[in-house]
Amino acid sequence: MYLFNTLTKKKEHFVPLEDDLVRVYVCGVTVYDDGHLGHARSAVVFDVLRRYLIFKGFRVTYVKNYTDIDDKIINRALKENRPWTEIVTQYIEAYARDMHRLKVSKPDVEPRATEHMPEIIDMIAQLVEKGFAYQINGDVYYEVGAYKGYGRLSGRKEEELLAGARVEVDERKKNPMDFALWKASKPGEPGWESPWGSGRPGWHIECSAMSIRHLGRTFDIHGGGRDLVFPHHENEVAQSCAYTGQEFARYWVHNGFVTIDDEKMSKSLGNFFTIKEIFEKSNWKDSVTGETLRYFLLSTHYRSDLNFSDKALSEAKSAVDNLYDLFRRLEESDSTFKGDNDQALERPLKEFEKQFEGAMDDDLNTPRAIAEFQRLRGEINKLLSAGLSNQAKKKAMGSFLKFGAPLGLWQVATKDWEFSPFTVKLSVADSGTVELEESIVIEKGEPSDEWVEQQIQRRREARERKDFAEADKIRKEVESKGVKLEDRPDGTTRWKR
RNA sequence: GGCGCCGUACCCAAGUGGCUAAGGGAGCAGUCUGCAAAACUGCGAUUCAGCGGUUCGAACCCGCUCGGCGCCUCCA
């Protein structure tokens, strides 16, 4: 398998440090607000990386942190006049819920900064001791000039950084690029006792401390959004390598942004909206919304930017609907089965498997992998109309399930799939804020299955006595409630929401 | 200002030196159907922002131009 490594700026053959064990650390979120679609993308991308590694037969230790102490958390607590711990608890729960709805598997370890204070303090102390950091009035700074490899990850030279520096000038720093490892706490702020007085860790040190603690001094993959490359990951590399004297993460993997009107989704632009919002305003049940979002998020290569819109989402939904339509037919036993094309199924399945792995092995090319699924859909549809035994259909369905697993797709029970179109409208208001406007016509869970079955029975009787006007009237009535009827060749009728 | 990414059909999106430029969505036409849906078949880029160069050969390599975006500040 090949992965694009930000460190070397090229695709590299991925080989873990220790035979079949892959150690992965992914930067999680700072828990001071609800997660937005950008967070969803990062989470899904690395979830797929993890799933695919397991699919390939690796064992994976997957660590994803929560940053649970930070200026933004303190500010939010101050603003809302609540304890900061309450903010943290609330948003960790919210994030966990989002992840669950997106079908992102739970990491093996979910460390929190506040639970690693001894390691963090010890690491800073040693950096000071080794001459890579210095203390000023209770603050501790990392001295960029003392480490020769600074800028390696982000591809910057120190002079360039200085030339373009927009960093707030702090006269006390030896170099404007020096960054805080430890921040002295002001009265009333949360603080932990340390050799430099009461304070809290800087943003970057926690990830170094937690990754080293849970994965060792050198581990395989470190991931996160592209915006973390500089300064966050650059700083992590600097402080970690200075601390351990050895290599830190071997492969750095970064995902592209989610954009709105081709601009990065971000808090400051106000063009973001939350994962929670999409689920709550969607007219589908969570499993269907989650699947649609996953499909959408994986339909573009992870390193490219991905533009979000209501149109893009409904296109994704249509594409997934067509797959589930096939799944339903694969699961129906067909009493009119005639031909025998079971043998003809072998070749497309084999070819698909080969292409799927080829795509995924090539730097996690999920758009290509998805295209292969679509191609297979066409092949199987053809065979299906020619006639496939129930056993062959089961086998075909098995392939979708098996190869969909690494993407986290096709796992919704077909009876739970909802075929109704997307009815949530996304709009960017003049103010620059993004809103989801609801235009839901159909209540969730309505009408009842029993009612639909009754109408189908009524319609069948009408059709039998050739009263097509009545039959069409019933169809219209049922459709007005969001249910579509499909007559099958054997005279039975299937229906879908 | 420094560094970097991107520009492929109506929309989304693979492909990055050589078979007919994947796949999806939308559209149109046809087959099937009492009607419909689904499915299937056909149609759709002589062309990959533009110009120039390298090469036997380029969407893919190089240069310039135009357009869009990102990082350099908290950010997935």
Side-chain angles (χ1 to χ4, degrees), chain A residues 9 26-30 32-33 35-46 70-72 75 151 154-157 159-168 177 203 223-232 234 254-259 261-269 272 295-296 299-301 303-307 309 311-323 325-326 328-329 355 359 362 365-378 380-382 384-386 419 463 466-469 471-472 475-476 479 484-489 493-496:
Chain A
K9 279 143 199 79
V26 177
C27 283
V29 290
T30 301
Y32 73 105
D33 206 351
H36 58 61
L37 207 63
H39 300 109
R41 185 179 191 196
S42 183
V44 168
V45 162
F46 290 103
D70 174 89
D71 290 359
K72 287 195 288 294
N75 290 339
S154 55
R156 289 152 215 256
K157 298 185 181 95
E159 314 85 73
E160 289 170 0
L161 288 166
L162 287 175
R166 285 195 275 158
V167 186
E168 181 184 328
M177 293 314 301
W203 176 35
R226 205 171 58 220
D227 46 3
L228 296 183
V229 174
F230 190 89
H232 185 54
E234 189 67 64
H254 293 99
N255 65 276
F257 302 132
V258 175
T259 60
D261 293 333
D262 295 315
E263 284 191 313
K264 182 185 174 187
M265 182 181 284
S266 74
K267 292 275 162 93
S268 48
L269 282 171
F272 68 94
Y295 185 97
F296 168 70
S299 63
T300 295
H301 185 86
R303 283 191 285 118
S304 303
D305 287 346
L306 168 61
N307 200 45
S309 65
K311 183 165 169 280
L313 199 59
S314 45
E315 283 189 8
K317 179 62 164 57
S318 299
V320 184
D321 280 346
N322 291 333
L323 265 317
D325 235 311
L326 169 63
R328 278 180 62 136
R329 276 173 285 123
Q355 293 300 329
D362 181 14
N365 196 329
T366 55
R368 239 172 81 200
I370 285 175
E372 293 305 329
F373 274 116
Q374 293 288 3
R375 197 195 301 272
L376 181 63
R377 170 174 72 99
I380 293 182
N381 265 324
K382 271 178 237 175
L384 205 50
S385 49
F419 291 86
R463 290 175 74 204
K466 305 272 187 234
D467 185 355
F468 296 122
D472 290 350
R475 175 195 287 286
K476 274 215 166 100
E479 275 176 1
K484 279 188 179 166
L485 304 181
E486 292 178 15
D487 296 330
R488 301 203 294 159
T493 299
R494 74 161 78 89
W495 60 279
K496 59 193 188 186

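All values derive from a computational prediction rather than experimental measurement. Quick note on labels: first sequence line is chain A, next is B, and so on, each numbered from 1.
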Pick the [atom1] atom in [N] and in [M], then give their distance to the nearest Å.
N	M	atom1	value
B:G42	B:G23	P	11 Å
B:A49	B:G25	C1'	24 Å
B:G7	B:G15	P	10 Å
B:C10	B:C43	C1'	15 Å
B:G1	B:C11	C1'	37 Å
B:G24	B:C62	P	32 Å
B:U73	B:G68	C1'	23 Å
B:G53	B:A59	P	15 Å

Find the distance [X]:[atom1] to [N]:[atom2] and express it as a whole number of Å.
X	N	atom1	atom2	answer
A:Leu306	B:C11	CG	C1'	14 Å
A:Lys484	B:A37	NZ	P	8 Å
A:Lys9	B:C71	NZ	P	17 Å
A:His301	B:U16	NE2	P	12 Å
A:Glu234	B:G2	CD	C1'	15 Å
A:Phe373	B:A14	CZ	P	17 Å
A:Asp261	B:C12	CG	P	12 Å
A:Arg156	B:G70	CZ	C1'	10 Å

Classify [X] by what it touches in the nucleic acid, base, sugar-phosphate, or nothing, heavy-atom distance under 4.0 Å.
X	value
A:Gly378	sugar-phosphate
A:Lys382	sugar-phosphate
A:Val258	base
A:Asn255	base
A:Gly256	base
A:Gly38	base

Can we say [X] and [Y] salt-bridge, meaning some charged N sits less than 4.0 Å from an Asp/Glu carboxylate O?
X	Y	result
A:Asp33	A:Lys72	no
A:Asp487	A:Arg463	yes
A:Asp472	A:Lys476	no
A:Arg368	A:Glu372	no

Spell out, as yes or no, whether a donor-acceptor pair under 3.5 Å connects the side chain of A:Ser385 to the backbone of A:Asn381.
yes

So if I take every side-chain heavy atom of [X] and compare against [options], which nucleotide ends up nearest?
X	options	value
A:Asn381	B:G68, B:C71, B:C40	B:C40
A:Val29	B:A76, B:C69, B:A38	B:A76
A:Asn365	B:A39, B:A14, B:U41	B:A14

What would the secondary structure line of RNA chain B be in dot-bracket form, counting Watson-Crick and G-U wobble pairs under 3.5 Å, with [ ] for pairs that cross earlier ones and | for pairs with another strand?
((((((((.[[[..)..(....]]].(((((.......))))).....[[[[[..)....]]]]])))))))....

Heavy-atom contacts, protein to nucleotides 18-36 of chain B, under 4.0 Å, summarised as B (base), S (sugar-phosphate only) or - (none) per nt, yield ----BSBSS-------BBB

Check A:Phe373 against A:Leu323 and note the closest heavy-atom contact, atom names and distance.
O-CD1, 4.4 Å

Could you tell me which residues satisfy ring pair (Phe, Tyr, Trp, His ring centres under 6.0 Å) with A:His301, sequence neighbours excluded, listed by chain and number?
none

Looking at OG1 of A:Thr259 and CG of A:Asp305, how far apart are the two atoms once the value is rounded to the nearest 0.5 Å?
6.0 Å

Calculate, to the nearest 0.5 Å, the distance between atoms CZ and CD1 belonging to A:Arg375 and A:Ile380 respectively.
13.5 Å

Nearest-nucleotide check on RNA chain B, A:Asp305 vs A:Arg41; residue mapping nearer the 5' end is A:Asp305

Please tell me if A:Ser299 has a side-chain N or O lying less than 4.0 Å from either OP1 or OP2 of B:A13.
no

May I ask you to establish whether A:Arg41 and A:Phe257 are in a cation-pi arrangement, using a distance under 6.0 Å from NZ or CZ to the six-membered ring centre and at most 45° from the ring axis?
no

Report, as yes or no, whether the 6.0 Å neighbourhood of atom NZ on A:Lys9 holds more than 12 heavy atoms from other residues, nucleotides or ligands.
yes

